[in-house]
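For this chain, numbers begin at 1 and follow the sequence in order.
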Amino acid sequence: MLENESEAGPVATAPWEYSLSIPNDPRAVTVSRRTLRLILTVHGLIGLVDTAELLATELVSNAVRHTKGPADLRVRWEAGVLRIGAWDADPEPPPPPEPLELIAASEDAEGGRGLALVQACADLWGWQPSARHGARGKYVWCELLTA
């Protein structure tokens with residue numbers, strides 16, 4: 001096996017970035033998740049796929065569910081850090097995540113787990129105001145570090 005290969009194929013060494021523009025449609029979540037899986041697989045980062053899919057699903061779900069405009073999924077790899085983010089057209093900051101213990105204890109909670117899962121599963125996460133497509137909005141992101 002070559003130095004920069006794993007069993008899944010070549011391991012990403014050079015920085016790269018992808019962006020997927022998505023409509024405000026619940027099906028965009030599935031498209032985003034499958035696109036992310038393909039990107040990570042071809043870059044030899046199969047070990048990150050399950051967690052990255054969960055994180056992207058939560059970020060894109062929030063962007064689609066809580067806004068009325070378009071959204072973007074962004075995926076970037078650089079220096080052993082995978083950054084996954086979702087841009088949406090709502091400039092309001094995301095609500096702070098509730099502790100997972102409180103959410104799990106609530107019998108009738110239908111939502112509210114998204115950012116709590118992101119906070120629990122990502123090594124780092126945050127948000128920032130960001131303009132895109134000529135509209136003000138926000139970019140919510142998280143990072144996964146590799147060993």
Side-chain angles (χ1 to χ4, degrees), residues 6-78 80-146:
S6 70
E7 291 180 19
V11 174
T13 53
W16 48 260
E17 184 171 354
Y18 293 85
S19 182
L20 177 65
S21 295
I22 54 179
N24 189 283
D25 182 327
R27 294 172 291 194
V29 177
T30 300
V31 171
S32 297
R33 188 173 54 243
R34 290 183 179 166
T35 301
L36 176 64
R37 176 174 283 275
L38 180 60
I39 290 168
L40 295 180
T41 300
V42 300
H43 282 286
L45 298 170
I46 195 73
L48 297 177
V49 167
D50 291 337
T51 303
E53 276 187 324
L54 171 68
L55 295 169
T57 297
E58 296 305 332
L59 296 177
V60 172
S61 292
N62 284 346
V64 170
R65 182 177 299 132
H66 300 297
T67 67
K68 298 199 181 336
D72 285 356
L73 170 68
R74 298 183 200 162
V75 183
R76 185 180 78 204
W77 168 264
E78 187 171 13
V81 178
L82 179 68
R83 177 175 275 204
I84 304 164
W87 176 88
D88 66 53
D90 181 1
E92 292 299 313
E98 294 285 333
L100 280 175
E101 303 80 40
L102 292 178
I103 296 169
S106 174
E107 294 177 18
D108 58 350
E110 299 228 354
R113 293 177 179 87
L115 287 180
L117 285 172
V118 170
Q119 184 176 36
C121 296
D123 293 303
L124 188 63
W125 81 277
W127 80 277
Q128 61 200 52
S130 179
R132 190 120 168 130
H133 307 296
R136 288 183 31 205
K138 69 179 167 297
Y139 178 61
V140 183
W141 55 269
C142 62
E143 293 181 345
L144 292 174
L145 309 176
T146 59

Strictly by salt bridge (Lys or Arg N to Asp or Glu O under 4.0 Å), give each pair with a member in residues 34-43 just once, sequence neighbours left out. Arg37-Asp50, Arg37-Glu53

Mind checking what makes side-chain contact (heavy atoms from CB on, under 4.5 Å) contact with Leu124, not counting sequence neighbours? Trp141, Glu143

Asp123: what forms a side chain to side chain donor-acceptor pair (under 3.5 Å) with it, not counting sequence neighbours? none

If we ignore hydrogens and angles and just use 3.5 Å, is the side chain of Trp87 paired with the main-chain N or O of Ser130 as donor and acceptor? yes

Could you list the residues that satisfy side-chain contact (heavy atoms from CB on, under 4.5 Å) with Arg136, not counting sequence neighbours? Pro91

What one should report as the nearest heavy-atom pair of Ala28 and Ile22 is CB-CB, 3.8 Å

Inter-residue atom distance Leu82.CG - Leu36.CG, 0.5 Å rounding: 7.0 Å

Can you name the residues that form a side-chain contact (heavy atoms from CB on, under 4.5 Å) with Asp90, not counting sequence neighbours? Thr67, Asp88, Glu92, Lys138

Which atom of Ala86 lies closest to which atom of Ala63, heavy atoms considered: CB-CB, 4.4 Å

For Asp72, all residues meeting side chain to side chain donor-acceptor pair (under 3.5 Å), sequence neighbours excluded: Ser21, Arg132, His133

Determine whether Leu115 and Val140 satisfy the following criterion, side-chain contact (heavy atoms from CB on, under 4.5 Å), listing intermediate values before the conclusion. CA-CA 10 Å; Leu115 287 180; Val140 183; 4.2 Å; yes

Is the shortest heavy-atom distance from the side chain of Val31 to the side chain of Leu20 under 4.5 Å? yes

Quick one, Cys121 and Leu54 - any side-chain contact, counting heavy atoms below 4.5 Å? yes

Nearest heavy-atom neighbours spanning Trp77 and Leu48: CZ3-CD1, 4.2 Å

For Ile39, which residues count as a side-chain contact (heavy atoms from CB on, under 4.5 Å) partner, sequence neighbours excluded? Trp16, Tyr18, Thr35, His43

Heavy-atom closest pair (Gly85 atom, Leu59 atom, distance to 0.1 Å) is CA-CD1, 4.1 Å

Glu58 side, atom CD; Arg33 side, atom CZ - distance, nearest 0.5 Å: 10.0 Å

In short, Pro23 meets Val64 closest at the heavy-atom pair O-CG2, 4.2 Å

In this structure, CH2 of Trp125 is separated from CG of Leu117 (nearest 0.5 Å) by 12.0 Å

Could you go step by step and tell me if Glu78 and Arg76 meet the side-chain contact (heavy atoms from CB on, under 4.5 Å) rule? CA-CA 7 Å; Glu78 187 171 13; Arg76 185 180 78 204; 4.2 Å; yes

